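Each ligand, and each atom within it, is numbered from 1 in the order the structure gives. Counting begins at 1 with the first residue of the sequence. It should be emphasised that the depicted structure is a prediction, and the values quoted were computed from it without experimental measurement.
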Amino acid sequence: MEKITAAITGVQGYLPDYVLTNEELSTIVDTSDEWITSRTGIKERRIMKDGATSDMAARAVEGLLKKKGLDPLDIDLVIVATVTADYPFPSTANLVADKVGMKNAWSFDVNAACSGFIYALATGSQFIQTGKYKKVIVIGADMMSSIIDYQDRTTCVIFGDGAGAVLLEPTTDGTGIQDFLLHSDGSGVKYLVQPAGGAARPASRETVDERLHYVKQEGQQVFKFAVTNMAEVSANIMDRNNLKSEDVDWLVPHQANLRIIDATANRMGLPSEKVMINIQKYGNTTAGTLPLCLWDYESQLKKGDNIILSAFGGGFTWGALYLKWAY
Ligand code: UT7
């Protein structure tokens with residue numbers, strides 16, 4: 001029997017209209033366009049003013065279904081990677097399926113912070129590869145503005161809101177997802193965490209007063225782990241698949257910091273023309289970065305292109321996924 005692989009057969013993004021520029025941020029906190037641009041590469045980011053994470057995700061999925069000419073009832077499974085769920089429960093995926101009318105699908109969330117999209121893609125691909133399902137939608141969506149402290153200049157300049165969705169379908173032509181390498185290390189909780197609102201510290205007057213419902217990050221520490229691990233896992237997936245630098249057509253790196261992206265590309269021996277970058281426009285949209293890159297670069301991709309997705313994020317979580325573009 002021919003081997004079935006899971007191929008991305010469509011991608012669509014959604015970005016809220018409101019553009020928060022470095023200039024505007026410098027009127028809110030003590031920062032400057034020069035500092036943000038030189039340390040991160042970010043010029044502006046989008047902010048969701050009229051809805052929640054599920055609304056951004058639903059708009060991306062509606063666009064995807066329209067583009068593919070599909071009925072919502074055709075979809076078997078919906079997976080949403082997010083750390084900014086609309087509610088602790090029910091899952092955001094449940095809400096997205098309902099909003100779009102994907103009534104034949106079951107749905108669940110994956111929480112792996114900035115690596116969420118790769119985790120979700122790896123998970124969704126298994127249901128296709130086994131022959132169980134024909135159409136799986138994988139979404140990376142985060143409304144980071146809902147958990148960012150706009151009094152904390154070390155985090156508020158970095159993050160933005162956005163969502164991207166891909167359709168996974170079976171193929172036997174050799175394209176699609178070839179391999180993935182995923183890791184986690186929960187001891188990273190001390191460096192990157194939203195301290196309150198969960199079972200460890202339920203919401204109380206004190207947690208609100210102490211601003212503990214916002215993202216807390218030790219930037220320099222996270223930076224060191226991110227540079228090392230994102231580069232390492234990307235090099236490892238190349239080795240495992242006998243890929244040399246010249247065999248890789250595109251790197252799709254998590255958009256956390258231009259310096260981390262450069263370090264990863266250098267380790268892989270890739271020139272900048274092969275690296276997808278849109279951090280200047282959207283900042284770090286957490287689980288949204290990778291599908292939004294694929295969406296922005298979709299018109300430049302060719303069938304058979306060797307693409308490596310790579311990410312590092314809260315948890316810690318990190319990983320890389322190797323796929324051959326299918327269209
Ligand atoms: O996606 C999830 C994973 N997250 C990441 O991968 C993020 C990894 N970390 C980073 O990207 C970087 O560490 C940051 C962009 C967060 C910070 O850049 P940095 O070069 O590591 O800066 P720093 O934290 O070492 O701070 C340098 C200086 C400090 O001032 P002093 O102590 O040298 O006087 C900060 O207080 O920059 C100051 N600073 C700022 N200045 C102006 C910190 N944030 C700002 C700001 N504007 N927004």
Side-chain angles (χ1 to χ4, degrees), residues 20-45 81-84 110-119 140-145 147-162 164 183-194 214-234 252-265 267 276-280 282-293 309-320:
L20 176 59
T21 62
N22 289 352
E23 285 72 23
E24 185 179 349
L25 272 172
S26 59
T27 67
I28 303 170
V29 289
D30 180 15
T31 190
S32 64
D33 176 49
E34 198 281 324
W35 192 95
I36 303 170
T37 306
S38 62
R39 299 284 175 136
T40 69
I42 301 165
K43 297 298 273 185
E44 57 189 44
R45 66 291 291 142
T82 189
V83 288
T84 51
V110 166
N111 179 331
C114 299
S115 312
F117 185 73
I118 297 187
Y119 271 48
D142 270 302
M143 185 169 147
M144 295 306 290
S145 61
I147 56 168
I148 289 300
D149 185 351
Y150 287 91
Q151 293 181 13
D152 177 1
R153 70 175 182 173
T154 68
T155 51
C156 75
V157 302
I158 303 170
F159 293 97
D161 302 340
H183 300 282
S184 69
D185 176 2
S187 68
V189 64
K190 52 187 174 291
Y191 302 119
L192 183 49
V193 64
Q194 184 184 342
Y214 295 121
V215 172
K216 306 287 177 197
Q217 173 172 256
E218 283 189 32
Q220 269 191 25
Q221 291 297 333
V222 178
F223 186 90
K224 283 183 212 157
F225 283 103
V227 163
T228 312
N229 288 309
M230 224 170 106
E232 179 100 352
V233 76
S234 307
V252 193
H254 171 52
Q255 310 281 304
N257 188 314
L258 208 46
R259 292 180 288 149
I260 300 172
I261 296 173
D262 286 346
T264 304
R267 175 77 186 273
M276 295 190 191
I277 292 171
N278 58 16
I279 190 171
Q280 70 283 1
Y282 313 139
N284 182 349
T285 55
T286 302
T289 60
L290 299 181
L292 284 171
C293 275
L309 281 64
S310 178
F312 181 89
F316 294 134
T317 56
W318 68 103

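- For atom 47 (N) of ligand 1, the nearest protein heavy atom lies closer than 4.0 Å.
- Closest heavy-atom approach to atom 1 (O) of ligand 1 within the set Thr285, Thr286, Asn284: this belongs to Asn284.
- Within a 4.0 Å radius of atom 21 (O) of ligand 1, the protein has at least one heavy atom.
- Considering only non-hydrogen protein atoms, atom 11 (O) of ligand 1 sits nearest to Asn257 ND2, 2.7 Å.
- With sequence neighbours excluded, the residues that form a side-chain contact (heavy atoms from CB on, under 4.5 Å) with Thr289 are His254, Gln255, Asn284, Thr285.
- In this structure, atom 34 (O) of ligand 1 is not in close contact with the protein, since no protein heavy atom lies within 4.0 Å of it.
- Summary of contacts: the protein heavy atom closest to atom 38 (C) of ligand 1 is Arg153 NH2, 3.6 Å.
- Protein heavy atoms are absent from the space less than 4.0 angstrom from atom 31 (P) of ligand 1.
- When non-hydrogen atoms are compared, ligand 1 lies under 4.0 Å from neither the backbone nor the side chain of Val29.
- Nearest protein neighbour of atom 17 (C) of ligand 1, counting heavy atoms only, is Trp35 CH2, 3.9 Å.
- Remark: the Asn257 side chain and the Thr40 side chain contain no N/O donor-acceptor pair separated by less than 3.5 Å.
- Regarding atom 7 (C) of ligand 1, its nearest protein heavy-atom neighbour is Gln217 OE1, 3.6 Å.
- Relative to atom 13 (O) of ligand 1, the option among Gly41, Gly188, Gly219 with the closest non-hydrogen atom is Gly219.
- Taking Phe225 as the reference, Tyr191, Phe316 meet the ring-ring contact (aromatic ring centres under 6.0 Å, His included) condition, with sequence neighbours excluded.
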